[in-house]
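Position 1 is the first residue of the sequence; numbering continues from there.
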Amino acid sequence: GLGDHSNLTHKNVAANQTVALNSVTGLALGSSSNGGLSTNYNALSTAGSVVSLSLKSASVTGTSTQLVYNGDMQTQQAATTSGFVGGDVITVSGLASGKNAGIYTSQLLVGGADAANYSVAYNNANLVIGKASLTATANSSTVSYNAESQSVVGFTLTGLLGSDQLSDLTGLSASGASGTQAGSYTNFMISGAQTNYVVNAVNGTLTINKAPLTVTGHSASVTYNGFDQLVSGFSVSGLKGNDTVNSLGSVQATGAIGKNAGVYTNTVTAGTETNYTVTAVNGTLTIGKAALTATGNLSLIHISEPTRPY
């Protein structure tokens, strides 16, 4: 026959509950193939009946969770459950949690008022917190040549999370860069191994640009004198520090020479200088015409009469 479990004293698991059945209702004798009738049998007795309730099988499965470091404590996603009776008071604890990048494994555990009625299979899972991206950029600087040593130092960070500060990181440094001559010098960024960050290291640059320099060929204005006259050399404007004309390797002036009145060019040429961008300005030799005075001569002619005889 069919029994009504609502007659049990309580629902919780217990073995050999001799008082488990206060009364049993709903039991009936049915007919059988041999014609048996309930009128042919004595009523069933429930005296001495015992009931044993066994643990119900259930499971709790952790959820594999992958996150990225954010500077705060993080917890894996909720576990899934199977086999628990609806309405039972069941709690699940032991989810994996962590702050720093790494692998954390759950330690799942079922609690609650009805937990003792279950045989629980636990399937733990990992919380994986990956490293965040961080950019470390060595400082750069652009200056002009000044004949002195110039430098750039330090670096900047982009991507620090939460309350993290530079002091929380290890092994980060910039080599610094210095130079005197015009050119580019590298400020190398050294990243080091970080607990919570994957560092993108970006080098910086000290750029020393060439200084402007003007070279002007000498000029002269003279007057024609019947002889060769000349002008030579050049002057320089914009030299830095202790640099002199001797510091320049490619600058020269052709000089200008002439005899007759006219204009002659003192051509300045300049190649590539290490520290200067040269502007060349030609000079001139100008020979002006000499002054000339033309004066006509005055002559007296004496005419003598011929001698006449008397």
Side-chain angles (χ1 to χ4, degrees), residues 133-160 164-194 197-222 229-258 263-287:
S133 296
L134 179 73
T135 299
T137 305
N139 292 335
S140 295
S141 179
T142 299
V143 297
S144 294
Y145 172 77
N146 66 358
E148 298 178 359
S149 179
Q150 302 184 79
S151 63
V152 63
V153 297
F155 59 91
T156 58
L157 295 175
T158 302
L160 283 175
D164 287 353
Q165 300 178 4
L166 174 60
S167 58
D168 297 317
L169 307 177
T170 59
L172 282 178
S173 64
S175 65
S178 62
T180 301
Q181 308 296 329
S184 294
Y185 303 85
T186 301
N187 181 12
F188 292 99
M189 188 69 222
I190 302 169
S191 62
Q194 306 302 321
Y197 295 95
V198 175
V199 180
N200 176 31
V202 180
N203 294 330
T205 303
L206 168 65
T207 302
I208 302 179
N209 290 326
K210 294 182 179 183
L213 184 75
T214 300
V215 179
T216 304
H218 289 160
S219 295
S221 294
V222 296
Q229 299 184 81
L230 60 85
V231 66
S232 62
F234 56 86
S235 62
V236 177
S237 175
L239 287 171
K240 303 294 183 181
N242 296 321
D243 287 353
T244 66
V245 171
N246 294 329
S247 304
L248 306 176
S250 66
V251 177
Q252 60 183 3
T254 60
I257 186 170
V263 178
Y264 303 85
T265 302
N266 179 12
T267 302
V268 175
T269 59
T272 301
E273 293 293 328
T274 301
N275 296 314
Y276 295 97
T277 299
V278 181
T279 299
V281 180
N282 295 330
T284 57
L285 168 64
T286 302
I287 302 177

Nearest 0.5 Å, please: how far is [atom2] in [Y] from [atom1] in [X]?
X      : Y      : atom1 : atom2 : result
Ser151 : Ile208 : OG    : CD1   : 9.0 Å
Leu248 : Leu239 : CG    : CG    : 5.5 Å
Ser175 : Met189 : OG    : CE    : 9.5 Å
Ser235 : His218 : OG    : NE2   : 4.5 Å
Thr207 : Gln150 : OG1   : CD    : 11.0 Å
Tyr197 : Ser191 : OH    : OG    : 14.5 Å

Any side-chain to backbone donor/acceptor pair from [X] onto [Y]? Under 3.5 Å, distance only.
X      : Y      : answer
Gln194 : Thr170 : yes
Ser140 : Thr205 : yes
Asn146 : Lys240 : no
Thr267 : Thr254 : no

Passing candidate, side chain to side chain contact (heavy atoms under 4.5 Å, CB included) with Thr156, options Leu166, Thr135, Asn139: Asn139
To check you understand the geometry: which heavy-atom pair defines the closest contact between [X] and [Y], and what is its length?
X      : Y      : value
Gly159 : Leu134 : C-CD1, 3.6 Å
Gly154 : Ala174 : O-CB, 3.5 Å
Leu230 : Leu285 : CA-CD2, 3.9 Å
Val268 : Thr216 : CG2-C, 4.1 Å
Leu172 : Ala136 : CD2-CB, 4.3 Å
Lys210 : Glu273 : NZ-O, 2.7 Å

Any Asn209 side-chain heavy atom under 4.5 Å of Thr142 side chain: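 They are in contact (side-chain heavy atoms under 4.5 Å apart), so the answer is yes.
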Asp164 side chain reached by Leu169 side chain, heavy atoms, under 4.5 Å: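 Of all side-chain heavy-atom pairs linking Asp164 with Leu169, none is under 4.5 Å.
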Criterion side chain to side chain contact (heavy atoms under 4.5 Å, CB included) on Leu213 and Tyr145, from CA distance to verdict: CA-CA 11 Å; Leu213 184 75; Tyr145 172 77; over 6 Å; no
Identify every side-chain donor-acceptor pair in residues 179-186 under 3.5 Å, counting partners at least two apart or on other chains, and give the distances.
| residue | atom | partner | partner atom | Å |
| --- | --- | --- | --- | --- |
| Gln181 | OE1 | Asn275 | ND2 | 2.5 |
| Tyr185 | OH | Gln181 | O | 2.8 |

Worked check of side chain to side chain contact (heavy atoms under 4.5 Å, CB included) between Leu206 and Val143: CA-CA 8 Å; Leu206 168 65; Val143 297; 4.2 Å; yes
